[in-house]
Amino acid sequence: MEDNKDKKSRKKTTIETKEKKPSFWSCILNGIINENPTLVLMIGMCPTLAVTTSVSNAIGMGLSTTVVLISSNAIISLIRNITPDRVRIPIYIVIVASFVTLVEFVIKAYFPVLNEALGIYIPLIVVNCIILGRAEAFAGKNNVILSIGDGIGMGLGFTFGIMIISAIREFIGSGAILGHSIVKEDFRAALFVLPPGAFLVLSFLTAIQNKLKLPSASNKKEGCNGDCLNCDIHKNDKVIKEEE
Amino acid sequence: MGIKSIIKDTLTLVIITVVLVLLLSAAKVITEPAINKAYNETKLKSYNEVCNGYAEGEDITGDVVGASAGYRASLIGDDSVKRCKNASGEIIGYIVECTSNGYGGALNLIVGFDKKGNISGVRYLNMPKETPGLGMKTTEKSFLDSFIGHNLNDLSEVDTISGATISSDAFKEAVSLASMFASRAVTMDGGL
Amino acid sequence: MELLVTIISASLISNVVLSRFLGICPFLGVSNSVSTAKGMGVAVIFVILISTAVTFGINNMFLEASGIFGLDLTYLQTIVFILVIAGLVQFLEMFLKKCIPSLYKSLGIYLPLITTNCAVLGVALTVSQDSTFSKFVTAMAYAFGTSAGFCIAIILLASIREKIENNDIPESFKGKPIVLVVACLMAIAFTGFSNLNIG
């Protein structure tokens, strides 16, 4: 039963995307603007809040995630025809985890300072909802070129999103832009680089989006209810209904 | 679903996993030298920060190690106490690497001493996972530098950070253990 | 005594959600009502305790250089742990469904959501990488403290959300923004715990 339903919904999305005839560039733009994972879909919130104390950390995290996203999307799309449906999730997880470990090696070897700053959040890229979400929603159904485009778009969208948040936090909290202090110590609000500041900045960003009627998960649907594996935004109605 | 398809699914998963693990192991072998090099360079840099002019260290852990009962801190490894020499081979001080439990996990410190056993600098071996915020004050330079010039006897005069009792207590515990080893090393070398 | 310190510091002082930002997705997503929050919280405690025990064993037996392979395989931690957690959650779901249906009824729907809860993998990785938790008992105390911290935070948030549901909230703050403001205030309140003197 469940499997059938799943297959149906999968088929439906494929048809939908076929109608829109996505191209490589439209996939990239879609990730950066229409379905920006941080600002519109509001997924992958853990790193969004945790590493945005400075812009340099955010860029490091954003680019590492982008690399993992592009490579895992590419591989998952390549093997999508030989992936048995029932074990596809474990296979996705193994592929993503391998790339994360690979990226971890590279960061440790060539960017030790970044490794120090991001710490445990590097291996935790594995459970970033964006990556498994895109594998399930996009890369498992589309060809390699489009999947790479989607990876680039989503990755850059994520990077831009957390760069904006970190720029605000860094400027108000430590009075600096890209590490150069420009505001006197007396005029800094340290709260913004502390944990509460992360919630506050994100809250006001979403409120502004609501005010301007820009699309965001907050005024459309209630995000993905913590269900990262099924974080395909089109599936949301189904998930919510099931819980009720 | 037949037994056959289950076996096929499992096999696919296992094969993919094995291939990826082999690739990862290859990547590990390739990047390992670079990782070690980066690690050593960072370490050398911190050594120089806590013990100005550090060129080489001689392991003297075995000579000074002894009763450290009563301390909640401990040395990091078997080669954690070093006699430091500058480029021309003169003894310039000592370095002790020790660890203590803060509340978010271990605080791993490198403590440098001059020839007389006074602290010449304190650095983190790796950044602690303390709460960002008050606990993180123990990573600020002003706190680290407040230990400079003190030794085993007057360490209690250094102020702890109000609002971060556990972290700064753990920190002081580690520093005082380091000072204890350093003062032994000084006595051994006939300094003072 | 030391175990108590570990538990209190992991649950209150450096709360997993409010100061370490792990498990934000379910924290914001499944906190609409106290009853679902309770279910999620308990399920997380359950899974974190079991998964930490299992990954701790695997790490010491196979991955560390002192294990039976005699090789340092710690670089495989991420890939092994996430697979173990995913498998474990699946297994738990089946086991509960068959053997303890009453428990399955209350926790079942939350289990699949937990695989990608980064708090679970976060605890497993922290425990195996930090020398503080090299003993099994301290590791389990840390796991319990962390998951209890998650449980406390999500239940508190859900209670507050239920209370403010009918309040007069500015139009643009309705939905996610007000929840984030609440989380912000909770995080401020929790920083107060860092002054606890429990050494």
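Sequence lines set the chain letters: A, B, ... in the order given, protein chains first and strands last, and positions in each chain run from 1. Note that this is a predicted model, so its numbers are computed, not measured.
In this structure, the side chains of Phe46(C) and Leu92(C) come closer than 4.5 Å at one or more pairs of heavy atoms. For the pair Phe199(A) and Phe21(C), the minimum side-chain heavy-atom distance is below 4.5 Å.
The backbone N or O of Ile107(A) sits nowhere less than 3.5 Å from a side-chain atom of Asn115(A) that would complete a donor-acceptor pair. Judged by distance alone, the side chain of Arg20(C) and the main-chain N or O of Ala119(C) form no donor-acceptor pair under 3.5 Å.
Ranked by heavy-atom pairs shorter than 4.5 Å toward chain C, the options Gly119(A), Pro90(A), Ser203(A), Ala97(A) are led by Ser203(A). For the set Ala50(A), Pro47(A), Gly44(A), the count of heavy-atom pairs under 4.5 angstrom toward chain C peaks at Ala50(A). Between chain A and the options Ala187(C), Gly87(C), Cys184(C), heavy-atom pairs under 4.5 Å are most frequent for Cys184(C).
If you run side-chain contact (heavy atoms from CB on, under 4.5 Å) between Ile164(A) and each of Thr38(A), Leu39(A), Thr159(A), Val201(A), only Leu39(A) comes through. Paired with Val120(C) under the rule side-chain contact (heavy atoms from CB on, under 4.5 Å), one option of Leu22(C), Val89(C), Thr146(C), Val47(C) passes, and it is Val47(C).
Heavy atoms closer than 4.5 Å to chain A are found in the side chain of Ala86(C), but not in its backbone. Only the side chain of Leu191(A) comes within contact range of chain C, with heavy atoms under 4.5 Å apart. Of the atoms belonging to Val94(A), heavy atoms from both backbone and side chain fall under 4.5 Å from chain C. Using a 4.5 Å cut-off between heavy atoms, Ser98(A) contacts chain C through both its backbone and its side chain.
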